[in-house]
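Structure first, commentary second.
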Amino acid sequence: MSVEVKNITKKFGNFAALDHVNLKVESGELVALLGPSGSGKTTLLRVIAGLEFPDSKDSQVLFYGEDVTKIPASQRKAGFAFQHYALFRHLSVFENIAFGLRVRPKALRPPESKIRERVGELLKLIQLEPFGKRYPAQLSGGQRQRVALARALAVEPKVLLLDEPFGALDAKVRKELRRWLRKLHQEIHITTLFVTHDQEEALEVADRVAILRDGQIEQIGTPEEIYDHPASPFVYDFLGNVNLFSGRVHEGAVEIGESKFHVPETAGETESDAVAFVRPHDVRITREANGQKTFPARVVRCNAAGPVANLDLERLDGRGQFSAQLSKEEFQQLQPKVGEQVFVELKNVKIFSEDFSI
């Protein structure tokens, strides 16, 4: 086990930022801490880094089995990179990367030849070898973030901690750096935790994703696990677009329009209200009814711009609108028109009791 936190509680005044959080990270794993603002993800990262300390005496932070709970950040051997780079403007790229090595106590400081060798290796790793003599102001945002990561790696940390590393960059650069970070991690295999509020970023980059809500971990798993098998309505709603269909449990099934869906244990078997969660790409549209598999709806809007076509529809029973996502081929074959009636089939339906809060 590389990093383990046990029973972490942290309050700021009356606000509980973390509430008895437990997390285990395997050696060489890349774990994303994902959640909305105020969920506790950055506070958890700062506790792991040693920039904040937990309130409870029972709390523990372990690095490779060593209890570092009371050890300050400067002695934890954790590399830390912030959203806004925090590079020294008066130092060159080379000297920014070398900074952590140069400020070590004399007894622990590597010889100059070793420092130059280490920085050279990192410049090659971040693909900025020709830029060693430049200053931060002469670099793009993406290049600055790579320098910040190289500076964090220069001291050979046990753990790499990234707080919204790409948050200050535009969408195109973020995508490029996500691919670069994933490739970098495959090369160096350093245990990494990174904070993000971007669901796509977490699902694309991380080996596992921990979703936080109100100071607790709501679910942790691989990107596929949490997306395809969300543990709660909150996780389902937080990860991408979703339609909510209200219905009524009757004789072991939920009725939505003229369709019926088996009720899982999570929703209960008794007479009650329930909500079905369906992704837009799991909404099928036809012009022919198919018994209890389909229900009627009216097309409200069509938008075929981009790689897929997005449709807004409304239920004929007056219980609200929902969206569907079709491939360009499906859209061209169906050629739906605004105002016309179609029939809808729902796939991969997840049903929860209506007694929940998103």
Side-chain angles (χ1 to χ4, degrees), residues 34-39 197-200 202-203 209 211-214 216 218-219 221 223-286 289-290 292-303 308-327 330 336 338 341-358:
L34 175 66
S37 298
S39 61
H197 66 270
D198 187 319
Q199 298 95 324
E200 182 181 335
L203 296 176
V209 179
I211 299 180
L212 282 84
R213 179 193 189 193
D214 297 333
Q216 296 181 324
E218 187 91 357
Q219 184 176 358
E224 293 80 9
E225 287 170 348
I226 63 170
Y227 188 85
D228 293 334
H229 305 287
S232 69
F234 170 80
V235 175
Y236 210 126
D237 186 65
F238 186 71
L239 292 176
N241 296 326
V242 65
N243 294 305
L244 276 62
F245 295 90
S246 58
R248 184 75 180 169
V249 177
H250 178 66
E251 296 181 352
V254 171
E255 298 178 354
I256 300 173
E258 298 175 10
S259 301
K260 292 186 177 181
F261 300 92
H262 172 70
V263 178
E265 294 180 3
T266 52
E269 297 276 341
T270 59
E271 292 278 344
S272 63
D273 292 327
V275 175
F277 286 64
V278 185
R279 303 283 185 199
H281 60 260
D282 285 324
V283 176
R284 301 286 182 264
I285 300 176
T286 67
N290 187 11
Q292 292 184 345
K293 288 186 177 182
T294 60
F295 62 90
R298 182 176 291 105
V299 179
V300 176
R301 180 175 179 269
C302 300
N303 180 7
V308 296
N310 295 287
L311 276 66
D312 292 335
L313 304 104
E314 62 179 0
R315 293 169 59 171
L316 297 188
D317 58 9
R319 303 192 70 172
Q321 293 190 6
F322 59 97
S323 60
Q325 194 174 76
L326 308 180
S327 68
E330 290 173 323
V338 173
Q341 178 182 306
V342 293
F343 291 90
V344 174
E345 181 179 357
L346 306 180
K347 300 288 188 179
N348 300 318
V349 179
K350 182 76 171 180
I351 298 171
F352 294 95
S353 165
E354 200 165 65
D355 182 22
F356 65 82
S357 174
I358 294 178

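These figures come from a predicted structure and were not determined experimentally.
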> Is the backbone N or O of Ser327 less than 3.5 Å from a side-chain atom of Glu330, with the two atoms forming a donor-acceptor pair by type?
Replying inline: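 Judged by distance alone, yes, a pair lies under 3.5 Å.
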
Over all heavy atoms of both residues, which pair between [X] and [Y] is shortest? Give the atoms and the distance, please.
X	Y	answer
Leu311	Pro336	CD2-CG, 3.7 Å
Ala276	Val349	CB-CG1, 3.6 Å
Ile285	Ala324	CD1-CB, 3.8 Å
Pro230	Tyr236	CG-CD1, 3.0 Å
Ala231	Phe352	O-CE2, 4.3 Å

Calculate, to the nearest 0.5 Å, the distance between atoms [atom1] and [atom2] belonging to [X] and [Y] respectively.
X	Y	atom1	atom2	answer
Glu314	Arg301	CD	CZ	14.5 Å
Phe238	His197	CZ	NE2	8.5 Å
His229	Gln219	NE2	CD	10.0 Å
Leu313	Ser323	CG	OG	8.5 Å
Glu218	Ser232	CD	OG	3.5 Å
Arg284	Asn290	CZ	CG	13.5 Å

>> Under a plain distance cut-off of 3.5 Å, with no hydrogens placed, do Glu345 and Thr286 share a side-chain donor-acceptor pair?
In response: no

>> Is it the case that the side chains of Asp312 and Gln321 hold a donor-acceptor pair, with the cut-off being a distance below 3.5 Å and no angle test?
In response: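 The criterion, which ignores hydrogens and geometry beyond distance, is not satisfied for Asp312 and Gln321.
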
>> side chain to side chain contact (heavy atoms under 4.5 Å, CB included) for Val338 and Val300? Distances and angles first, verdict last.
In response: CA-CA 5 Å; Val338 173; Val300 176; 5.9 Å; no

If you define the side chain from C-beta out and look only at heavy atoms, does anything of [X] sit under 4.5 Å from [Y]?
X	Y	result
Ile211	Val209	yes
Asn243	Phe277	no
Asp282	Leu346	no
Asp228	Asn348	no
Arg298	Gln341	no
Leu212	Leu34	no
Val278	Phe245	yes
Val344	Thr294	no

>> Set out, in order, the CA-CA distance, both residues' side-chain angles and the distance that settles side chain to side chain contact (heavy atoms under 4.5 Å, CB included) for Val275 and Lys350, then state yes or no.
In response: CA-CA 8 Å; Val275 175; Lys350 182 76 171 180; over 6 Å; no

> Relative to the ring of His281, is the ring of Tyr227 parallel (under 30°), tilted (30 to 60°) or perpendicular (over 60°)?
Replying inline: parallel

>> Tell me if the CG atom of Asn303 is crowded by more than 12 foreign heavy atoms within 6.0 Å.
In response: yes

> Would you call Asp317 and Arg315 a salt bridge, taking side-chain N to carboxylate O under 4.0 Å as the test?
Replying inline: yes

